[in-house]
Amino acid sequence: MDEPTTPAPVIEPGYTFGTVTDKISSIVLTRPTSNGWLLGFGVAFLVSMGLLYAVGYLFLRGVGIWGVNIPVGWGFAIVNFVWWIGIGHAGTLISAILLLLRQSWRNSINRFAEAMTLFAVACAGMFPILHLGRPWLAYWLFPYPNTMRVWPQFRSPLVWDVFAVSTYGTISLLFWYVGLIPDLATLRDRSENRGAQIIYGMLAMGWRGSARHWARYETAYLLLAGLATPLVLSVHTVVSFDFAISILPGWHTTIFPPYFVAGAIYSGFAMVLMLAIPIRKFYGLEDFITDRHLNNSAKVMLATGLIVAYGYGMEAFMGWYSGNRYDSFLLWNRLHGPYAFFYYLLLISNLAIPQVLWIRKLRTSPFWLFLISGVILVGMWLERFIIVVVSLHRDFLTSSWGMYYPTRWDWMTYVGTIGFFLACMFLFLRLLPMISIFEMRTLLPEAEVKAE
Amino acid sequence: MKRTSIYGMMAEFDTPGDLVSAARRTYEAGYKKIDAYTPFPIEELSEAIGFHRNSVPLVVLIGGILGGCSGFGLQYWIHVINYPINVGGRPLNSWPAFIVVTFEMTILFAGIFAVLGMLALNGLPMPYHPVFNVPRFAFASKDRFFLIIFSSDPKYDAASTRRFLESLAPRSIAEVPS
Amino acid sequence: MSAARVNNLDLMAPPVVKVIQRRMVILGGVASVIVIVGAFIQPAVFFRAYLINFMDWLGICLGSMAILMLRHLTKGGWGMIIRRILGAAMRTLPLLALLFIPILFALPRLYPWARPLESIADNHLQEHLRDITRSYLSLHGFILRAVLYFAVWGALVFLLTKWSYEQDRPPLRDNSSRFKVLSGPGIILYAFTISFAAIDWTMSLDPSWISTIYPLIILIGELLSALCFAVLVERILADYKPMSELLKPEYVHDHGKFMLTFIMVWAYFSFSQWLIIWAGNLPEEITWYMKRLNGGWGFVGLALVLFHFTVPFVLLLSRPFKRDVTRLVWLAVWLLIMHYVDLFWIVEPNFSANFTVTWADVSVPLAMGGLWLAYFCRNLSSIPLVPAYDVFATEVLEPVHE
């Protein structure tokens, strides 16, 4: 636990505006497409083809190909939806909340974390729509004037979800794009290739770095961060309302909003680390994504993991304290029911193992962090599985109890979204600067304007 | 009217500090129609070139109020006026349930207004701009800092302005054709 | 006390603290006499107000401890400048432990579970209490847990204070890693103990009602009131040396931001609880709100929405407002009052169906507050306002006027 008084640098010494610019933009502009990239993208692309296949078959046959049935009407689709959208939250947290808190170390990881958010939200958004049964009628969820003269039911959290997730997707995209504009201008000016110049030029919209523009830009960016911060909290809050607004034991509990938000950030940072650790290795970016980033991200995971633990504890205690037989039964069923194995696995991977992050050595070791992050991602997936399936499969009426078994189509869809997510990440790494160049420039010592 | 072919005079600097002090001196020397171009935001610069009125927050506020009102109004109109229906014994105006969508709409509108407002106030997208005619201006997005005095400035004069800019010890000076 | 002089600046609290202390002793003493007389005439009324006030002042004490630990984990000038204010508030814990004892003598008056089961008219509640009083809400359990909570808090306060004292004397030392090692687990301990204390002391006033977020609402209320109290003290001290030399607008700005964050979190927790219970509409849950929205209590609830959240929120959006301690302090005082109203709204409707304010709701705050503040002032003036020999204090110790 011994911390040196001066923290590790955010960016290794010896860089100038020029070298930072060249180092990041060359990954996109001049570096040849490596075999590793081709292999990685190829595999991810193939897996996402599996998603296409599974979805195509779903359209053909209906949700009957999945394992969902009464009593467990919310199976993998909702588990994956919550898992993915939770992962997305870390991106917004890094880009918005840490910006507001003036945590400048975020500058080297916010860009790809935001990209991660976008792709995760895209994966998440797929599931509720596929789960509709008639996905081609998804637009019925929006309030639009129609000849049937009916409207969405705004007292339902599922409609809130539509608004929350689509707002989240829109704002994340805007935030990401606004952050990209100055860097797109850099790529436009650095590029040697006429086609690239035109494409980056159009995307940069004629950005020229005027002081007036920067002033408005900074204000807009800060305000977007200020808006995105409550938004990101509200999104997972609304997701938690999907459960908590009902009266099912295990779902109807008031701690769900903060507990879901903490869990989302927990899994999101795990995903950020799982991406950042290989990226910084393969692209030689150890100077920009330093041990300090790993350490800080690990600390965030530790803190949010403890909030999640608090949630588990409070929920279990209140289940017992309430004296409500259904609440007590849920507790028993989690510990001794047919899915008990997964509950213990969840406790081990979400509560027990991450406690090793108290040790500083592990917080800065890429290998161990990568491993622990993987464990946390599995644990957070299991948490949603327990919440969705275990609560549903045995509720009030004993005669309507049942079991849930996922089918291969469930698995294929789930794994397919992981492939889709990774394929998008690979494309992003190849086509856009993965680290915000202009924000990295502000971190350099020479960026300081000395008082006259 | 005789100077329509010239957009302004541009000087190039190596460091942000040089640019800021040059901009201050230019503004103090009486040139008011000036601008600066930098590869990253510099807080002191906007004040140095005499830029104070930033109306982005106002635009965002308007967007937020508009979004919030329309969000709640939409739900109220649907559930109380246009299609009143009893769901689970809840009141027609179930305001606690309406708050969530109202909130999301506030954020959505405010966010969109922030981005579009910022772009509109900046006059973007603008595919062509005279400053891009200067070859070295490509470095404005990398590691160089530029100061421009527009030819529309009443004090602008090709010879005296060039002399003034030279007194600021820039790395290079270029006339910007429009 | 020459050690307390740095840069020609006496770091001890100004004499005004002593003046306030004397006045508070008088105020608290006189009010206490009235309260004690009243307590014998109308004990039922007295003990409700007593419980609310105990929770309120305990909140400032423990909230200060939590913010202090948060500061140790994150550093920053905002925390250094109020560090000793928080510390002085935290060290009032012995008084609060003492003040807890009278509650033990009034358990049956306050808590339905402490009464004989036969006296409970409601069959449903009686059945529920039969189980829970045997296993958890028993007299022994209540006392045992209270001792445990105070022991944990006492240990934290003791260590935080001891290491902080060391930094008033040379040599210059860096205790930050020690503080960090303590504060990480310390915050967890605080979160759990205050949660269970909130369940024991206020949630169990209605033993059939549960809400898993409720302890967090109490927790954030404590942080908010502690921060507001620190801003209030900071404002009083800002008229005198040394605080007038040290307080920078940036620090005040940070305090304003924390205030904004805390009221937003408070609103978030409170709204979540309300929406989930409102939508579920289960008889064992919604009755809690029924009591608090009828018989005049609804107006108190509405006042909380407007004045504990909406108005402060709008004010705190303004940057100049957050940076000016002379303006921020009014909001801080206002929020301290609203926090009290919040506790009042949580506790009091358990006892009276209609909104009432009694003599005790006026005099008990004066009595307990007077004594508490006197003790606080004593703590504040006993050591320097900034630990001069903390390596991180230099940032704060550079006078503003240079």
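Chain identifiers are assigned alphabetically (A, B, ...) following the order of the sequence lines, protein sequences preceding nucleic acid strands; residue numbering begins at 1 within each chain. Just so you know, these numbers use all the heavy atoms, side chains as well, and skip hydrogens, waters and symmetry mates.
- Residue contact with chain A, scored on non-hydrogen atoms closer than 4.5 Å, involves the backbone and the side chain of B:Thr38 alike.
- Rounded to the nearest 0.5 angstrom, B:Phe109 CZ and A:Leu227 CG are separated by 13.5 Å.
- What you find for A:Arg188 and B:Phe132 is that their closest heavy atoms are NH2-CE2, 3.4 Å.
- Proximity to chain B (any heavy atom under 4.5 Å) is shown, for A:Leu187, by neither the backbone nor the side chain.
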Next item on the list: Would you please test A:Phe154 and B:Tyr76 for ring pair (Phe, Tyr, Trp, His ring centres under 6.0 Å) and show each step?
Entry: CA-CA 9 Å; A:Phe154 280 104; B:Tyr76 186 86; over 10 Å; no
Check: Is there a side chain to side chain contact (heavy atoms under 4.5 Å, CB included) between A:Val238 and B:Glu104 once you walk through the steps?
Finding: CA-CA 10 Å; A:Val238 170; B:Glu104 302 297 339; 4.0 Å; yes
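- Using a 4.5 Å cut-off between heavy atoms, B:Leu147 does not touch chain A at all.
- A:Trp214 contributes no side-chain N or O that, together with a main-chain N or O of B:Leu45, makes up a donor-acceptor pair within less than 3.5 Å.
- Heavy-atom distances place both the backbone and the side chain of A:Ser234 under 4.5 Å from chain B.
- With a threshold of 4.5 angstrom between heavy atoms, B:Leu74 approaches chain A through side-chain atoms but not through N, CA, C or O.
- Residue A:Tyr168 does not touch chain B at all, counting heavy-atom pairs closer than 4.5 Å.
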Item checked: Worked verdict on B:Met126 versus A:Arg208 for side chain to side chain contact (heavy atoms under 4.5 Å, CB included) -> CA-CA 10 Å; B:Met126 184 183 280; A:Arg208 55 187 186 274; 3.7 Å; yes
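- Under a 3.5 Å cut-off, the side chain of A:Ser210 and the backbone N or O of B:Tyr37 do not form any donor-acceptor pair.
- In this structure, chain B has heavy atoms under 4.5 Å from both the backbone and the side chain of A:Gln153.
- Side-chain N or O atoms of A:Arg149 include one that pairs as donor or acceptor with a backbone N or O of B:Asn82 at under 3.5 Å.
- Contacts from residues 59-70 of chain B to chain A, taken as heavy-atom pairs separated by less than 4.5 Å, involve B:Val60 in sequence order.
- Between A:Ala211 and B:Ser46 the shortest heavy-atom distance is O-CB, 4.4 Å.
- By the 4.0 Å N-to-carboxylate-O rule, A:Arg441 lies too far from B:Asp143 to be salt-bridged with it.
- Between the side chain of A:Arg155 and the backbone N or O of B:Leu92 there is at least one donor-acceptor pair closer than 3.5 Å.
- Both the backbone and the side chain of B:Asp35 come within less than 4.5 Å of a heavy atom in chain A.
- Contacts between A:Pro230 and chain B at a heavy-atom distance below 4.5 Å involve backbone atoms as well as side-chain atoms.
- Residue contact with chain A, scored on non-hydrogen atoms closer than 4.5 Å, involves the side chain of B:Ile42 exclusively.
- Between B:Lys142 and A:Asp189 there is no salt bridge, since none of the side-chain N atoms of the basic residue sits less than 4.0 Å from a carboxylate O of the acidic one.
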Margin query: Between B:Asn122 and A:Arg216, does the side-chain hydrogen bond (donor to acceptor under 3.5 Å, both in side chains) criterion hold? Intermediate values first, please.
Written below: CA-CA 8 Å; B:Asn122 282 350; A:Arg216 295 197 189 97; 2.7 Å; yes
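- With a threshold of 4.5 angstrom between heavy atoms, A:Thr167 approaches chain B through its backbone and through its side chain.
- Geometrically, A:Arg190 engages B:Phe139 in a cation-pi contact, judged by NZ or CZ lying under 6.0 Å from the ring centre and within 45° of the ring axis.
- Counting heavy atoms of neighbouring residues, nucleotides and ligands inside a 6.0 Å radius, atom CD1 of A:Ile247 does not exceed 12 of them.
- Contact annotation for A:Ile171: only side-chain heavy atoms (C-beta onward) come within less than 4.5 Å of a heavy atom of chain B.
- In A:Phe396, the CZ atom is crowded: over 12 heavy atoms of neighbouring residues, nucleotides or ligands sit closer than 6.0 Å.
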Check: For A:Phe17 and B:Phe40, what are the C-alpha separation, side-chain angles and deciding distance, and is it a ring pair (Phe, Tyr, Trp, His ring centres under 6.0 Å)?
Finding: CA-CA 10 Å; A:Phe17 298 134; B:Phe40 57 88; 5.1 Å; yes
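- Of the atoms belonging to B:Leu119, it is side-chain heavy atoms, and not backbone ones, that fall under 4.5 Å from chain A.
- Here the closest heavy-atom approach between residue B:Pro57 and residue A:Leu223 is recorded as CA-CD1, 3.8 Å.
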